[in-house]
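First the proteins, then the strands, lettered A, B, ... as listed; each starts at 1.
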Protein chains: 2
Amino acid sequence: MSVRAERKDAAEHRKLILRTAESLFDLHGVRGVSMHQIARTAGIGQGTLYRKYAHKGDLCLDIIQDYTQAFVEEVGRYLAKNREKPAEDRLGWVLDMWIDAMEKKSELIMTIQAHHCAESEESRAASFFQSSLYLFMRGRISELLAEIAESRPGPNADPVLTAHALICAMAPVGHFHIKRELGYTKEQMKNHYRRMCYLPVSNANV
Amino acid sequence: MSVRAERKDAAEHRKLILRTAESLFDLHGVRGVSMHQIARTAGIGQGTLYRKYAHKGDLCLDIIQDYTQAFVEEVGRYLAKNREKPAEDRLGWVLDMWIDAMEKKSELIMTIQAHHCAESEESRAASFFQSSLYLFMRGRISELLAEIAESRPGPNADPVLTAHALICAMAPVGHFHIKRELGYTKEQMKNHYRRMCYLPVSNANV
DNA sequence: CAAGCAAACGGACAATTGTCCGTTTTCATT
DNA sequence: AATGAAAACGGACAATTGTCCGTTTGCTTG
């Protein structure tokens, strides 16, 4: 075949790196662990680590992958089972889910986004905006926004742009800053995000 | 007096650093210049530089200060002179201004925000969210949002949170990414942001 | 199974960031 | 003007990131 599969030892290294990094992150926090430390602990060379992951953000992107997949499946299932509900309700539910997921994985996501800011364009390294988490969320949110817009007269904003803007607004850095400054709880934040989008406030949320 | 003024030599160093950094940034771009290089070029020690600015983002925050002040004054003047116009129009104008300013100073702003992501809490270093640029914009936008909300029935979102979310959504990283992906011009972006907020589209914008 | 080649390795090296501390300078007080 | 304490200095040092290249290893071909 023209494209050779990943070499067996390389694949094992990849898994080893992921497991090592994950446990080190659990122990000392993402910021408390250096790339050098990960390589040393895994018993591999610095070059080997950097060949697979251009920087810590890249590595975090891979670590979060399992979680992302579960998230994507859960949201997908919900949307499939609730087609008849008003699009507003579905969107509200999806946004709530995002907040929960984002708060749970905030350290990883912030690390992913940090490198994104620092590097700017030209860079083969994967960015948050190419991650399946972002693309999936943007896809679902924009679909729901478009559905909501159908029933409204007048000129409507580009749903993709609006979905993108929502995700940016709900990214960890900004989210935690304003949450602390205004002294809101997570549930209050969810409600405020909902109102911001002219969505009904969930009964589940206080 | 209990609080001693900044020592004369220190004040001169500060100005020297700012001028040196600014011209180096103009020459090689913000990312193309290292803190070490700035110190060397200015003819001062590394320690001196870092005592004044904890990192490059901190330095950028000071460099942008002059521009910020002019921006704040222009927006302030406009708002003072146009109290009678509909709040929607005023908000649209302010958002347009932001896009222009942000695109012009995007490299500085991205650098400021990059360190913000990387460090997270506890850090005496100034952050974008404490900058006068952010605080001023959030103040004006939230006021206008509140004014608009007055004429609308039903539950309204917290204007401060919405203003904050808008600024986050229009930050350089996200802005440039989606602008390129959708192939929009700057003026098209302005219009889409306006529509996103249910604002009238400016005549000036195509 | 031998051979050879491309892929992967790893650790040394370079560059950048960030800290520390002994020394120097300023400025208020005398 | 002399003095002494606080502030500022600067460059060496430590840590982290990121790169490079000679060597090794696995996979395919004959």
Practice problem: Give the nucleotide from the list C/dT17, D/dG18, D/dA8 with an atom nearest to the side chain of A/H115. | Solution: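 Nearest to the side-chain atoms of A/H115, counting from C-beta on, is D/dG18.
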Tell me the interatomic distance from [X], atom [atom1], to [N], atom [atom2], rounded to whole angstroms.
X	N	atom1	atom2	result
A/Y53	D/dT16	OH	C1'	20 Å
A/R31	C/dT17	CZ	P	19 Å
A/H36	D/dT19	NE2	C1'	15 Å
B/K8	D/dC9	NZ	C1'	16 Å
B/Q46	C/dC21	CD	C1'	15 Å
A/E12	D/dT25	CD	C1'	13 Å
A/L49	D/dT16	CG	P	14 Å
B/R40	C/dT17	CZ	P	15 Å

Exercise. Describe the nucleic acid contact of B/I44 in one word from base, sugar-phosphate, nothing, applying a heavy-atom distance below 4.0 Å.
Key: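 Since only primed, P, OP1 and OP2 atoms lie under 4.0 Å of B/I44, the category is sugar-phosphate.
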Quiz item: Across the strands shown, which category fits B/T48 at heavy-atom distances under 4.0 angstrom: base, sugar-phosphate, nothing?
Solution: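 Answer is base: heavy atoms of B/T48 come under 4.0 Å of a base.
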Quiz item: When only distance counts, do a donor and an acceptor, one from the side chain of B/R7 and one from the base of D/dA7, lie under 3.5 Å apart?
Solution: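 Side chain to base: pair present.
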Exercise. Answer yes or no for B/R140 and B/F136: cation-pi contact, defined as NZ/CZ to six-membered ring centre under 6.0 Å and angle to ring axis within 45°.
Key: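 Pair B/R140/B/F136 counts as cation-pi.
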Quiz item: Is the cationic atom of A/K105 (NZ for Lys, CZ for Arg) positioned less than 6.0 Å from the six-membered ring centroid of A/Y67 and within 45 degrees of its normal?
Solution: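 Yes, A/K105 sits over the ring of A/Y67.
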Quiz item: Nearest nucleotide by nearest heavy atom, which residue falls closer to the 5' end of DNA chain D, A/G47 or A/M35?
Solution: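 Whichever sits nearer the 5' end wins; that is A/M35.
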Quiz prompt | B/K52 vs A/D9, nearer the 5' end of DNA chain D by closest nucleotide | solution =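 Nearest-nucleotide comparison on DNA chain D picks B/K52.
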Self-check item: Heavy-atom pair with the smallest gap, counting every atom of A/K56 and A/V30
Solution: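 Closest approach of A/K56 to A/V30, heavy atoms only: NZ-O, 2.9 Å.
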Quiz item: In terms of the nearest nucleotide of DNA chain C, which residue is placed more toward the 5' end: A/H13 or B/Q37?
Solution: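 Upstream on the strand: A/H13.
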Self-check item: Under-4.0 Å salt bridge between B/K190 and B/E187
Solution: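 Judged by the 4.0 Å cut-off on N to carboxylate O distance, B/K190 and B/E187 do form a salt bridge.
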Quiz item: With a 4.5 Å heavy-atom cut-off, do B/L182 and B/M189 have their side chains touching?
Solution: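 Not in contact.
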